Number of protein chains: 2
Amino acid sequence: MQPRPPDRTLRPDDGRLARGRRSRARIREAARALFRERGFDGATLRAIAARAGMGASSIYRHVQSKEELLIEELADLQEEAWRRFRAEDARDRPTRERVHRFLRVQHELLVADRDLTAIALRATTRPEARVARRVLALHDRTMGLLVEVLQMGRVRHDLDPEVDVLEAARALFHITLGARIPWANGLVQADACLQSIQAGVDLLFRGLSARQS
Amino acid sequence: MQPRPPDRTLRPDDGRLARGRRSRARIREAARALFRERGFDGATLRAIAARAGMGASSIYRHVQSKEELLIEELADLQEEAWRRFRAEDARDRPTRERVHRFLRVQHELLVADRDLTAIALRATTRPEARVARRVLALHDRTMGLLVEVLQMGRVRHDLDPEVDVLEAARALFHITLGARIPWANGLVQADACLQSIQAGVDLLFRGLSARQS
DNA sequence: GCATCTACGCGAACAGACTCGCATAGGACC
DNA sequence: GGTCCTATGCGAGTCTGTTCGCGTAGATGC
């Protein structure tokens, strides 16, 4: 299953591989459309397969689980978030502000699709599955990016030098993650979710910022 | 399904209701045992039913979903955590220390059962399901208890009066929740998880504590 | 051309959570 | 005791993600 390390004689552009890529693309497209139409749980694998023009079992040639189909979207979205942030980022702004901006950009992208957040979290609760690792790797990546921002703040004495930037990044990330859960369950509106995130970040930054004693 | 509001003539202790309670108890016992033996996903509903001495479908007279069986354990465990904390709590200790103690107690209880954490989180990703609401209610309850502790710290000027205790409680809770995810996935040991929780809490408290200017 | 290899695809199954319609037993009311 | 009511239990069936074994087409080596 899945790309799989090309066993021995790896052909660069075998006709079969090209066909496979096209199939994969069709599957992803169909999945994305159906996820949006009926939600993750409502979108049946058989339906996805039908729309992609193939049998249900064939999907498993290209994907390890249904969740993986959604997680790919998440990975893309995360890259997009970072790209947008980079584009509008001003490195000389205060660190707190930069973090706020990144989280706002990320939030705006995630808000478009409630299932994405929920299913990513769900995937995280299946320790045996590959997807779980994948999602956790995405988490790590986001935290790494936050570390980058924080570190820069530290070297220019924007942050208290005593703070552990890795722990700080973790805390920031987990605050945003946790704040999204009630939203994903429809208990709070998207903007209330964002406000909660920002309040948490501000709270944390009270302790992170350099004391101007 | 489920207790259901007794329609009109509610009999206090009908023989049938008593039987139902006994069944419920057997189901819960069987479920708990099997969850521990084979894990949540490994424990088949049919197996649970068999051990409880009934058919698989009968379980649904007493429970809305398999997850609900586990969530009941979580609710109990949470009560237990609070009870233990109350027992050993010293109200005159600094707020930060009290929070640390509570989280440590909670951690010790949760650590005994990895699935509990994972499945509770998973339940959270099914917005339509009752269980999701139930778990979120448990979250709220824990946050409420944290608010209680924080509030007490505030009135005695242990905390900066400017901080929003509710937001602080949320942040604290989310930090602990997030820190448990890698642990639930077997990526970090239990004590590393606890350390991460404590580091996050300390970080947050740097900003919460009253400035001794 | 021929044999061989292999990425794809398929239909048939499997497993496991959950639903449905029906049966039963214990109570209540008369 | 007879009649109705209803909480409980059950077996058969549904739905859906996933696996299995087989067939096929395209590529490669000779």
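This one's a predicted model, so the numbers in the text were calculated from it and none came from an experiment. Side chains are part of it too, since the values below use all heavy atoms of this structure and drop only hydrogens, waters and symmetry mates.
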Rounded to whole Å, please give me the gap between [atom1] in [X] and [atom2] in [N].
| X | N | atom1 | atom2 | result |
| --- | --- | --- | --- | --- |
| B:Ile59 | C:dC20 | CD1 | P | 18 Å |
| B:Arg126 | C:dA17 | CZ | C1' | 10 Å |
| A:Lys66 | D:dT18 | NZ | C1' | 12 Å |
| B:Arg38 | C:dA17 | CZ | P | 11 Å |
| A:Ile27 | C:dC10 | CD1 | C1' | 13 Å |
| A:Gln64 | D:dG17 | CD | C1' | 14 Å |
| A:Leu45 | C:dG16 | CG | C1' | 16 Å |
| A:Arg22 | D:dG26 | CZ | C1' | 12 Å |

Checklist line | Contact under 4.0 Å: A:His62 side-chain N or O vs C:dA7 OP1/OP2 | finding: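 No, outside the criterion.
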
Requested in this report: Check whether any side-chain nitrogen or oxygen of B:Ser65 sits under 4.0 Å from OP1 or OP2 of C:dA17, and answer yes or no.
Outcome: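 For B:Ser65, the contact criterion (side-chain N or O under 4.0 Å from OP1 or OP2 of C:dA17) is not met.
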
Considering only side-chain heavy atoms of [X], which listed nucleotide, [options], is closest?
| X | options | value |
| --- | --- | --- |
| A:Thr44 | C:dC8, D:dC10, D:dG17 | D:dG17 |
| A:Ser23 | C:dA17, C:dG9, C:dG11 | C:dG9 |
| A:Arg19 | D:dT8, D:dG17, C:dC8 | C:dC8 |
| B:Ser57 | C:dG9, C:dA17, D:dA12 | D:dA12 |
| B:Arg61 | C:dC20, C:dA17, D:dG9 | D:dG9 |
| A:Tyr60 | C:dC10, D:dT18, C:dC20 | D:dT18 |

### Task
Hey, which sits more toward the 5' end of DNA chain C by its nearest nucleotide, A:Arg46 or B:Phe40?
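Result of the comparison: A:Arg46.
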
Could you tell me whether [X] and [Y] make a salt bridge, using a distance below 4.0 angstrom between a side-chain N and a carboxylate O?
| X | Y | result |
| --- | --- | --- |
| B:Asp76 | B:Arg28 | yes |
| B:Glu79 | B:Arg83 | no |
| B:Glu68 | B:Arg134 | no |
| B:Arg130 | B:Glu67 | no |

- request: On DNA chain D, check which nucleotide each of A:Ala43 and B:Ser58 is closest to and give me the residue with the more 5' one.
  value: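 Of the two residues, B:Ser58 wins.
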
Query raised in the report: Can you find a pair of side-chain heavy atoms, one from A:Arg98 and one from A:Met152, that are under 4.5 Å apart?
Result: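 Of all side-chain heavy-atom pairs linking A:Met152 with A:Arg98, at least one is under 4.5 Å.
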
